[in-house]
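Bear in mind that the values here come from a model prediction, so they are computed numbers and not experimental data. Just so you know, ligand 1 is whichever comes first in the structure, and atom 1 is the first atom listed for that ligand.
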Amino acid sequence: MAPMASFNASALEAVGVTAPMPRRTGFAQTVLGPLEASRLGVTLAHEHVADGPDVLNRWPKGWGGRVEFVARAVEKLKLVRAAGVGTIVDLTPYDVGRDIRFLEEVSRKSGLNMIACTGQRFFPPQDPHIPMPAGTISGLTEFFKKEIQQGIDGTAIKAGVIKIGIITNHPTALEEIGLRAAVRASKATGVPIRIHTDAAHRAGESDAVILEDEGINPARVSFDHSDGSGDMDYFLGLVRRGYSLGMDHVHRGLSPDSKPSFERRADCIKLLIDAGFAKKIFISQDAEFGGLLLPEEVRNWREKIDPSEGMLFTTQRLVPYLKKIGVSDSDIHTMTVENPRSFFAQI
Ligand SMILES: [Zn+2]
């Protein structure tokens with residue numbers, strides 16, 4: 001006899017009601033299915049791969065078609081795999097060119113785990129032709145839950161993280177809807193939240209007010225691009241409250257007109273570790289993979305600020321530099337392996 005649970009699930013589907021998915025506690029949701037979080041390995045927690053085909057559409061001469069582009073992308077991603085990376089977290093939601101089938105294909109062919117996101121980058125979407133799936137907290141919550149529990153763009157490929165982009169230091173009314181919906185979807189599904197922040201203007205603090213009003217567990221949130229602030233007071237305030245910090249723009253400090261400097265951003269990582277907060281730091285490089293495959297002359301601003309090492313910046317340049325200034329192998333392991341393991345595991 002069929003188990004009661006599956007019988008009930010199909011009965012519900014037959015009447016158009018979707019049964020809630022059982023949570024896979026301790027598993028991270030990758031594009032190839034749930035994976036024990038202990039198998040994620042070195043994880044780059046904030047990157048962009050899924051918009052590769054969209055970026056390449058701007059360069060019609062390139063690659064001669066999708067098959068060739070996929071082959072080139074896989075070849076590059078295998079180098080990232082060979083550098084010791086196990087998992088890339090893709091933070092490209094529906095409104096900025098996410099191609100979920102591409103992400104699944106390059107994950108399968110490169111051997112790199114990929115975690116896809118739901119969420120939204122801009123409120124409203126920058127492209128006026130892309131409508132928001134809903135303009136209310138409850139409507140947006142349902143959309144995020146659907147992409148986490150059922151799948152993305154008509155596939156069965158599920159999101160394993162929620163990405164929210166907050167542009168300013170104080171969220172707009174629409175951004176606030178996004179933050180509240182993210183907390184509700186996170187609490188309903190057990191997946192974590194990563195937020196694009198303007199750290200130079202202490203945006204994490206005003207985001208936190210809204211998140212906490214919704215009853216967030218701060219351990220389920222990372223404020224990304226945090227190294228854009230060189231202010232230890234800002235960092236310590238957030239980590240002491242339980243939030244994580246994504247230090248993923250360190251390469252931007254290499255440009256002479258960018259502040260804080262590369263050295264200051266790296267020093268802040270070391271100072272936070274010395275203060276006992278290695279468990280609250282992610283290192284990554286927020287690189288746009290498709291843009292990195294474009295020739296220099298057709299890159300726009302966004303691609304030009306990505307590191308010249310591309311997806312290899314963290315492993316080839318940042319980690320060696322951190323070791324040089326005294327960060328231990330054990331702390332590198334905490335930031336690159338242990339923190340992603342606990343953060344991306346569904347609770
Ligand atoms: Zn990003």
Side-chain angles (χ1 to χ4, degrees), residues 31 43-55 77 80 85 87-100 102-103 106 112 114-123 125-127 130 144 147 152 159-169 171 175 178-179 182 191-201 203-204 207 221-229 243-255 258 265 281-294 299-307 309-314 318 339-340 343-344:
V31 295
T43 299
L44 299 173
H46 188 129
E47 305 298 334
H48 299 278
V49 175
D51 57 345
D54 192 58
V55 171
L77 287 169
V80 182
V85 174
T87 302
I88 292 179
V89 180
D90 182 85
L91 293 183
T92 312
Y94 80 93
D95 62 315
V96 280
R98 179 189 57 192
D99 183 331
I100 197 66
F102 171 74
L103 197 65
V106 296
L112 271 166
M114 301 274 181
I115 296 177
C117 74
T118 186
Q120 190 166 318
R121 172 65 182 85
F122 294 100
F123 293 86
Q126 263 187 338
D127 183 339
I130 298 177
F144 297 163
E147 293 204 328
I152 295 169
V161 60
I162 304 167
K163 148 75 173 281
I164 296 292
I166 304 297
I167 296 299
T168 56
N169 53 342
E175 286 174 338
L179 283 172
V191 310
I193 303 170
R194 303 195 75 94
I195 302 175
H196 166 111
T197 54
D198 177 0
H201 296 98
D207 297 347
V221 176
S222 176
F223 292 118
D224 288 355
H225 320 323
S226 280
D227 54 291
S229 160
Y243 293 100
S244 293
L245 305 174
M247 307 301 248
D248 46 42
H249 281 175
V250 183
H251 58 280
R252 294 193 185 186
L254 290 165
S255 159
S258 170
R265 292 173 197 245
I281 304 170
F282 293 97
I283 53 174
S284 200
Q285 66 251 314
D286 189 22
E288 199 165 66
F289 182 72
L292 292 164
L293 297 179
L294 291 170
R299 291 186 187 181
N300 68 19
W301 174 84
R302 178 62 182 80
E303 288 107 29
K304 284 184 175 161
I305 55 170
D306 279 339
E309 296 87 350
M311 290 278 174
L312 293 168
F313 170 84
T314 298
L318 180 57
N339 295 348
F343 189 78
F344 292 105

Quick check: does His46 put an N/O/S atom under 2.8 Å from the Zn ion (ligand 1)? yes
Would you call Asp306 and Arg252 a salt bridge, using N to O less than 4.0 angstrom? no
Shortest-distance N, O or S atom of Asp286 relative to the Zn ion (ligand 1): OD1
Name of whichever N/O/S atom of His48 is nearest to the Zn ion (ligand 1): NE2
Side-chain heavy atoms of Pro171 within contact of Asp207, under 4.5 Å: yes
Within 45° of the ring axis of Tyr94 and under 6.0 Å from its six-membered ring centre, is that where the NZ or CZ of Arg121 lies? no
Between NE2 of His48 and CG of Leu103, what distance do you get to the nearest 0.5 Å? 12.0 Å
